[in-house]
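Quick caveat: nothing in here was measured; it's all calculated off a predicted structure. By convention in this document, chain letters (A, B, ...) are assigned in the order of the sequence lines, proteins followed by strands, and residues within each chain are numbered from 1.
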Protein chains: 2
Amino acid sequence: MKDVVTIKEIARQLNVSPSTVSRALQNHPRISSHTREAVHALANQLKYLPSTTARNLQRGRTGVIGMVLPEIRENFFSEVINGVEELAFEHQVTVALYQSHDRFDREKQILTVLASNRVDGVLLSVAKETQQIHHIQELLDRQIPLVLFDRIPPHIAAHQVECNMEKGAYEATKWLARRGHRRIALLNGPHALIASEERYRGYITALVEEGLPVENALIKRSDLTTQETALKMNQLLSSATRPDAVLTFNDYVALDAMQVCRSYGLVVNQDISFVSFANLPLNMYLEHPPLASVEQHPYQIGFMAAEILLNVINGVIAPTDLQKVILEPELIVRQQDAIS
Amino acid sequence: MKDVVTIKEIARQLNVSPSTVSRALQNHPRISSHTREAVHALANQLKYLPSTTARNLQRGRTGVIGMVLPEIRENFFSEVINGVEELAFEHQVTVALYQSHDRFDREKQILTVLASNRVDGVLLSVAKETQQIHHIQELLDRQIPLVLFDRIPPHIAAHQVECNMEKGAYEATKWLARRGHRRIALLNGPHALIASEERYRGYITALVEEGLPVENALIKRSDLTTQETALKMNQLLSSATRPDAVLTFNDYVALDAMQVCRSYGLVVNQDISFVSFANLPLNMYLEHPPLASVEQHPYQIGFMAAEILLNVINGVIAPTDLQKVILEPELIVRQQDAIS
DNA sequence: CGGTTTTGCACAAACGTTTGCACACCTCAG
DNA sequence: CTGAGGTGTGCAAACGTTTGTGCAAAACCG
């Protein structure tokens, strides 16, 4: 059971002090080239790797950033992680990944673990359940740099990165109106998510601008489960005058809703058109994808969130100099030829 | 700038020694209940959290397991992470996530970082590019517990968790044959992946058992890019006698191949049937999903891999007692009614 | 009451680094 | 020749824990 090679071992074999070895490895100018080379040679030979733990203890940082999000399997978040990981790896920072599974207590527990682990910073997208922010405030009280992304609770003094969904909803609605749709429904997400409110505002603004009436019967909320989405879509379809287009909270909601339409014998994007958010890659494989989808640039969100966090950690940005980045969404139009 | 609360600070305020505080916090029996309670009280009041770094340095472990995989965004791997994270969180272990993006040099670099970080163990699914295992062997030489999952290179003395794809391919092929298909093509993955070989073997075995001829013209390999899949599918369709069914490496390959079929004016699952691997959730949303798909139980794979790793780390399993878990796949049949 | 055991705590070393400081030697200028 | 400055290295403290050992006081036993 060969032991792990440490600086002390190299020092012993070379008859120098550990401090000399440490400096030699860092190419300190006060170490003679003779010693330096000997140290490097032996280090290579013994396959020495510095202990990040020890170094971090000494330096007072951990080289770890905690990343907390609801569900990895959601494509959106996978892409965010992608962006984060890219930058983190470049900066030799480890990404510790945690899922809240949209549960408040789990999120709370995770933040405690992160504080105990003395992570250098945290990237957080809150759980659906999260209504209060006390646990987040505690993190801030411990001076741990925090960047919130995508799902951002109100009234919290942290850096933020998100995509302007109000504008996305606005443009999507406008696009539908311009294509001649007159009864545009909104199949929105739950109240608790700011994202729902943003979509709502953009939707309303666009309707008003286009001179279309706002009808409450055309506005529904789903908790994003297939069941509830189906229920709400059913309500929309069984109303007196059916919508001729639906703007959905995201692609999954759109797909669930489309299933319901088919069960009514409707031809999707012909009898009733869909536009949604997320622009999932799976849309490429669908025979009848939403006509358009609002791209939220998740990779960019992750990348920018990580960039801000690393800048705060490295002192490039003062912790108090709160950053708020709002990315522009992009309406990706898939087919132009739907209305026959 | 309030400093981080340490054990020393508590000791100072209580006029006891740091060691007493440490023991009190661990509920050591030799500490009086009086002191113990005082310590706990003050620790709570000051919101003391132990420094994991310091503890780990002292204990000689880090409480971190490294997880290296090709692409997070692939649904399969997201689910694996899910399984890992579940168990890791329960065991108070941090999961450090790294993506190789299927590149060999990146994978190599990541393993070095992990060794330097003194992770307690590593979960690895190798990159497509990876042909040699020297870098993996180095990890083992450093006595770092390693569990390989899903993509497992040959000839390596590490624990392994995978899904029996040979059997999956066998059952899928058999299922097609029993449905009356006589010209069953195999649109396989690249040579380098063992998974491809396993599928190949299962496919052949089933054909032979069913008394069907093995035709090389019906066996193609794709590197899993859309372009190459399209190319190979084209070859299959432009051959003298077209296949009446295709077994594809995974759902994505199936979807890409289906697009090609449509461009030939073929009706998917009627003129030509598809069966694939992965059983992606997106199948639920397709109008013409593969008739059946082999479920590989990614969550289970992650869970079991993590279980083995944690057992090795905790000494429950001797590192030399090599575990090899082979999960049984499950053929999920979507529609029974395709052939008209 | 003398001796043994138990109880409660402090001291110090250790984990593997980094880094301020001291010190010895060497060089060179005045 | 003397002092200043430069060069190469070692010592020791520090980061925040844990834990073996030692030691005094208290409690117990016959």
Close residues, residues 25-34 of chain B, relative to DNA chain C [heavy-atom separation under 4.0 Å]: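 Those residues are B:Arg30, B:Ile31, B:Ser32.
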Residues within residues 112-122 of chain B bordering DNA chain C, heavy-atom distance below 4.0 Å: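 Residues of residues 112-122 of chain B under 4.0 Å from DNA chain C: B:Arg118.
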Angle between terminal axes - the helix from C:dC1-D:dG30 to C:dG30-D:dC1, 5 pairs each end, rounded to 10°: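 Its terminal axes enclose an angle near 50°.
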State, with a plain yes or no, whether a side-chain heavy atom of [X] is found less than 4.5 Å away from one of [Y].
{"X": "B:Val126", "Y": "B:Ile152", "value": "no"}
{"X": "A:Glu74", "Y": "A:Leu69", "value": "no"}
{"X": "A:Asn82", "Y": "B:His101", "value": "yes"}
{"X": "A:Leu148", "Y": "A:His159", "value": "no"}

Heavy-atom donor-acceptor pair, A:Ser116 side chain to B:Leu49 backbone, under 3.5 Å: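 The answer is no, because no donor-acceptor pair under 3.5 Å joins these two groups.
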Exam field: side chain A:Thr130 to backbone A:Phe104, donor-acceptor pair closer than 3.5 Å: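 Checking the backbone N and O of A:Phe104 against the side chain of A:Thr130, no donor-acceptor pair under 3.5 Å is found.
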Side-chain atoms of residues 85-92 of chain B: list all donor-acceptor pairs with protein atoms under 3.5 Å, sequence neighbours left out, distances to 0.1 Å.
unit_1: B:Glu85; atom_1: OE1; unit_2: A:Gln99; atom_2: NE2; d: 3.4
unit_1: B:Glu85; atom_1: OE1; unit_2: A:Arg106; atom_2: NH2; d: 3.3
unit_1: B:Glu85; atom_1: OE2; unit_2: A:Gln99; atom_2: N; d: 2.9

Contacting residues from residues 46-57 of chain B, given that a heavy atom lies under 4.0 angstrom of DNA chain D: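 The stretch gives B:Tyr48, B:Leu49, B:Pro50, B:Ser51, B:Ala54, B:Arg55 as the residues lying under 4.0 Å from the strand, ordered by number.
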Residues in contact with DNA chain D, drawn from residues 9-19 of chain A - heavy-atom cutoff 4.0 Å: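 Hits under 4.0 Å, by residue number: A:Asn15, A:Val16, A:Ser17, A:Ser19.
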Under a 3.5 Å cutoff, is there a donor and acceptor pairing between the side chains of [X] and [Y]?
{"X": "B:Asn56", "Y": "A:Thr53", "answer": "no"}
{"X": "A:Ser17", "Y": "A:Thr20", "answer": "yes"}
{"X": "A:Glu37", "Y": "A:Ser33", "answer": "no"}
{"X": "B:Ser32", "Y": "B:Thr35", "answer": "yes"}

Rounded distance (Å) that lies between atom P of C:dT17 and atom CZ of A:Arg61: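 In whole Å, C:dT17 P and A:Arg61 CZ are 18 Å from each other.
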Whole angstrom value for the distance that separates C1' of C:dC15 from CD of B:Gln58: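 Going from B:Gln58 (CD) to C:dC15 (C1'), I get 6 Å.
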Sugar-phosphate only, base, or nothing, as touched by A:Ser22 at under 4.0 Å among non-hydrogen atoms: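 Counting heavy atoms under 4.0 Å across all strands, the contact made by A:Ser22 includes a base.
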Residues B:Glu138, A:Lys47: salt bridge by 4.0 Å N-O rule: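 Counted as a salt bridge, because a side-chain N and a carboxylate O are separated by less than 4.0 Å.
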Pairing of B:Arg59 and B:Asp120 as salt bridge, 4.0 angstrom limit: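 The answer is no: the pair does not qualify as a salt bridge.
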Which atom of A:Phe149 lies closest to which atom of A:Ser125, heavy atoms considered: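 So the minimum-distance heavy-atom pair works out to O-OG, 3.1 Å.
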Polar pair under 3.5 Å, donor/acceptor by atom type, side chain B:Arg23, base D:dG20: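 Side chain to base: pair found, below 3.5 Å.
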Partner of A:Ile65 by side chain to side chain contact (heavy atoms under 4.5 Å, CB included), out of A:Leu114, A:Val122, A:Thr94, A:Leu123: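 Option passing the side chain to side chain contact (heavy atoms under 4.5 Å, CB included) with A:Ile65: A:Leu123.
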5' priority, DNA chain C, between B:Thr20 and A:Arg59 [closest heavy atom]: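 Residue closer to the 5' terminus by nearest nucleotide: B:Thr20.
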